[in-house]
Amino acid sequence: MEFFKIDGTVFERMVLNGLNCIRTSERAVNDMNVFPVPDGDTGTNMRLTLQNALSKAQPSKHLGEYLSSLSSGMLLGARGNSGVILSQIFRGIFKALENVAEADGNMLIDAFVSGSREAYKAVKNPVEGTILTVVREGAESLVKYPAGSVNDLWCAYVRAMKKSLEKTPSLLPVLRDAGVEDSGAFGYIVIADGMYRYLEGEETLSGFSVQSGIQDVDFSTFTENSSFEFGYCMEFLLRLMNSRKEVSLFDERVFTSELERLGESVCVVRDGTAVKVHIHVFSPSPVIELAQRYGEFLSFKLENMCVQHNGRVVKSEKKKRKIHTDLAVITTVKGDGLEDLFSGFDYVYCIKSQSQTVSAEEFIDAVSCVDAQHILIMSDSKNNQASALQAVSLMKRPEVEVFPSDNCAACYYALAMDMVSDSVASRITEMKRNAQSVVCINIARSEKTCISDGVQCICGQYVALLNGKITASSDDVLQTLSSGLEKVSGLKDRESCFVFTGSAFNGDCDSLRAMLEAKIPYSEVQIVPGGQSDSYLIAGIV
C-alpha cells in the first residue's frame with residue numbers, strides 16, 4: 001500500500017515492526033560490537049529501549065499525541081549509549097511533529113533532521129563514523145528530495161543510511177581494525193528498515209510480544225489472612241479463529257464494551273487476527289469465556305494485584321528505612337556479593353541490575369527512594385553512566401549528580417575512603433579524587449577473535465582490561481591478570497589491592513593472593529566474592 005500521509009496508528013505499527021526486526025537481528029547487531037567482551041551490547045540495549053517505549057506508549061490516531069508517549073517511554077527506558085542516542089533520535093522526531101495529526105513527506109524530512117540534531121546534542125563529545133554520522137547523512141540526503149509518497153521517502157532514507165554505514169570503518173580506525181561497521185548505526189538502520197517494510201506490507205512477526213514463564217512469587221505478600229481488595233490484572237493475546245461461529249460478528253468496539261462491563265482499565269488493540277487485551281477483574285472466568293467465543297489464546301498472563309501492591313509496599317518500607325542524611329549514594333551492582341558490600345554503607349542505595357544495563361527510569365525510581373540533600377549516582381559501567389546522565393537530565397533536580405565512575409572498583413574506593421565527618425562538598429571532592437586514583441583491571445572472556453587496542457584476542461580466551469582498555473590475553477585467568485598488572489605504572493609502590501571474584505571464577509584464591517602479594521609487595525590484599533556474572537575478576541589498585 002502506498003502512503004502519502006501517516007498518522008499515529010500507522011506509526012505505531014511501523015515501530016512495532018521495527019522492534020520485531022531489531023529483536024530478530026539482535027545477535028547480529030551485538031556481534032558487530034568492537035569490544036570483544038560483554039559490556040551492555042548495542043542490539044540488546046536498543047531492543048530493550050524500544051520495547052519499553054512501546055509498552056508505555058498510548059495508542060492514538062493523532063501522530064503527535066502518539067509520539068509524545070512513545071518518546072517519553074523511550075527516554076525513561078533508555079539503556080546504555082546506544083539506547084540513549086536512539087531515544088534522542090525519536091525525541092527529535094517528536095519535537096518536529098508534536099502538533100501534527102498526520103505527517104506527509106516534507107514533514108518527515110524535517111523530523112529526520114530534528115532527530116539527528118537531538119542525537120548530536122545528547123553526546124558530549126560527538127565522534128564521526130558512528131550512528132550520529134549515519135543518521136545525519138541519512139537526513140541530509142532528503143533535504144532536496146522531491147515530494148512523493150512516504151514509502152519512497154522512507155526507502156531513500158534507509159538507502160542513504162546504508163551507504164553512509166559502509167563508510168564508517170574509514171572514519172573510525174577502531175572499526176577498521178576490527179573489520180566491522182558501526183553497530184549502533186547498523187541497529188538503527190535495522191529498526192528504520194523494519195518501519196519501512198511495514199509501509200510495504202512486510203510484517204516480520206505479530207505486532208505483539210508473546211511472553212511466557214512464571215515469575216517468582218513472594219508468598220508472604222498474600223497469605224490466608226490477606227484481603228483480596230485489588231483483583232487480578234489480566235493480559236492476553238487472542239487469535240481470532242475462523243472455526244468460531246461468532247468470529248464473523250467480532251467488532252472491536254462491541255468487544256471492548258462487553259469487557260468494560262466485566263472489569264476496569266480495559267485496553268483492546270487489534271492487529272489483523274491478533275487481539276491484545278488488558279483488563280483488571282475480580283473474576284477472570286467470564287472474560288475467558290467471552291474471549292473464547294471468538295478465538296484461542298496465544299499467550300495469557302494473570303497476576304494477583306494484591307501481591308504486586310503488597311510487594312511494592314514491602315519494598316518501599318525497606319527502601320525508606322534510610323533516615324534523612326546530608327549525602328546519599330545510588331550505585332549499580334551486578335552481583336550478590338557486591339550488593340552486600342555496598343549496602344554495608346548506611347547511606348548507599350544499590351540498584352542490582354538484572355541485565356548488563358540499567359534504564360534511566362530505574363535511576364529515577366531509585367532517587368525517589370532516598371532522602372538526602374545531595375545525591376550521587378555512581379555507575380559500574382560506561383553504559384550505566386549514559387543512562388544515569390539521561391535520568392538526571394529528565395529529573396532536573398539540582399541536588400542529584402552523576403559521579404564520574406565507570407567501574408565498581410572506583411565506586412568502592414570512593415566510598416571506603418570517604419571521610420564522613422567533613423562537609424558534603426569536601427567529601428564529594430575527596431571521593432572524586434579517590435575514585436580517580438584507582439587503577440581497575442577487569443578479567444573477562446573474549447566473545448570474538450579480533451584485534452582490540454592492539455592486542456590479539458582469541459574467542460574463548462581471557463582478556464585483561466586496564467581502565468577499560470585491553471592490555472593482555474591468554475588461556476589462564478591468573479596469567480592474564482599478571483600480564484595486566486605489568487602494565488600498571490609504579491605497581492610495586494601501590495598500597496592497596498581489592499579483588500572481586502565473579503560467579504564463574506573457580507580458581508584458587510590462595511594462589512591468587514600469592515601472585516598479587518608477589519607483584520605488589522607493599523600492598524594490603526583483600527579478596528571478596530563479588531558474584532558478578534560478566535567478569536571473572538575485578539581488581540582495584542591504589
Main-chain N/O of [Y] paired with [X] side-chain donor or acceptor, under 3.5 Å:
X	Y	answer
Asn52	Leu48	no
Ser69	Ala57	no
Ser164	Met161	no
Ser482	Leu478	no
Ser405	Cys411	no
Lys448	Asp31	yes
Arg176	Ser170	no
Thr24	Cys21	yes
Asp453	Lys469	no
Lys396	Ser393	yes

Closest non-hydrogen atom pair, [X] against [Y]:
X	Y	value
Ala53	Leu70	CB-O, 3.5 Å
Ser359	Glu362	N-OE1, 2.9 Å
Gly540	Ala409	CA-CB, 3.7 Å
Val158	Ile189	CG1-CG2, 4.3 Å
Thr42	Ser183	OG1-OG, 3.1 Å

> For Glu137 and Glu128, what are the C-alpha separation, side-chain angles and deciding distance, and is it a side chain to side chain contact (heavy atoms under 4.5 Å, CB included)?
Replying inline: CA-CA 11 Å; Glu137 292 186 346; Glu128 297 301 327; over 6 Å; no
Go through the structure and list residues passing ring-ring contact (aromatic ring centres under 6.0 Å, His included) with [X], not counting sequence neighbours.
X	answer
Tyr188	none
Tyr462	Tyr536
Phe500	Phe498

Mind checking whether [X] and [Y] have side chains closer than 4.5 Å, heavy atoms only?
X	Y	result
Thr449	Gln456	yes
Tyr157	Val135	yes
Thr133	Lys167	no
Arg13	Asn17	no
Leu537	Leu512	yes
Leu199	Val10	yes
Val499	Leu481	no
Phe342	Met378	no

[X]: which residues meet the side-chain contact (heavy atoms from CB on, under 4.5 Å) condition with it, sequence neighbours left out?
X	result
Asp380	Thr332, Lys334, Asn384, Cys408
Ala472	Ala464, Ser483
Cys155	Arg159, Tyr196
Ala391	Ala360, Phe363, Ile364, Met395

List the atom pairs, with distances to 0.1 Å, where a side-chain N or O of residues 93-112 and a protein N or O form a donor-acceptor pair under 3.5 Å, not counting sequence neighbours.
{"residue": "Lys95", "atom": "NZ", "partner": "Glu118", "partner atom": "OE2", "Å": "3.3"}
{"residue": "Asp104", "atom": "OD1", "partner": "Asn106", "partner atom": "N", "Å": "3.3"}
{"residue": "Asp104", "atom": "OD1", "partner": "Met107", "partner atom": "N", "Å": "3.0"}

>> So, using side-chain hydrogen bond (donor to acceptor under 3.5 Å, both in side chains) as the criterion, who are the partners of Tyr198 when residues are at least two apart?
In response: none
>> Please evaluate residues Val367 and Ile375 with respect to the criterion side chain to side chain contact (heavy atoms under 4.5 Å, CB included), reporting the C-alpha separation (whole Å), side-chain torsions for both, the decisive distance (0.1 Å), and the verdict.
In response: CA-CA 8 Å; Val367 168; Ile375 301 171; 4.0 Å; yes
> How far apart are the C-alpha atoms of Met431 and Val329, what are their side-chain angles, what is the distance that settles it, and do they pass the side chain to side chain contact (heavy atoms under 4.5 Å, CB included) test?
Replying inline: CA-CA 11 Å; Met431 290 166 77; Val329 173; 4.2 Å; yes
> How would you list, by chain and number, every residue that makes a salt bridge (charged side-chain N to carboxylate O under 4.0 Å, His left out) with Asp418, sequence neighbours excluded?
Replying inline: Arg427
>> Once salt bridge (charged side-chain N to carboxylate O under 4.0 Å, His left out) is applied, do any residues pair with Lys5, and if so which ones, sequence neighbours excluded?
In response: none
From [X] atom [atom1] to [Y] atom [atom2], the distance as rounded to the nearest 0.5 Å:
X	Y	atom1	atom2	answer
Ile85	Met46	CD1	CE	7.5 Å
Arg23	Gln51	CZ	CD	5.5 Å
Ile441	Thr480	CD1	OG1	11.0 Å
Ser387	Leu76	OG	CG	11.5 Å

So, [X] and [Y]: side-chain donor and acceptor under 3.5 Å apart, yes or no?
X	Y	answer
Asn30	Arg27	no
Glu26	Thr44	yes
Lys56	Ser72	no
Ser149	Glu2	yes
Thr357	Asn45	yes

> Of Leu466, Asn407, Asn467, Ile538, which is the lone residue that meets side-chain contact (heavy atoms from CB on, under 4.5 Å) with Asn442?
Replying inline: Ile538
> Please, which pairs that meet salt bridge (charged side-chain N to carboxylate O under 4.0 Å, His left out) have at least one residue in residues 59-76, sequence neighbours excluded?
Replying inline: Asp7-Lys61
> When Gln88 is tested against each of Lys121, Gln390, Arg117 for side-chain hydrogen bond (donor to acceptor under 3.5 Å, both in side chains), which residue passes?
Replying inline: Gln390
>> Quick test of your reading of the model: are Glu181 and Lys162 salt-bridged, counting only N-O distances below 4.0 Å?
In response: no
>> side chain to side chain contact (heavy atoms under 4.5 Å, CB included) for Arg47 and Leu19? Distances and angles first, verdict last.
In response: CA-CA 7 Å; Arg47 190 259 301 168; Leu19 171 61; 4.0 Å; yes
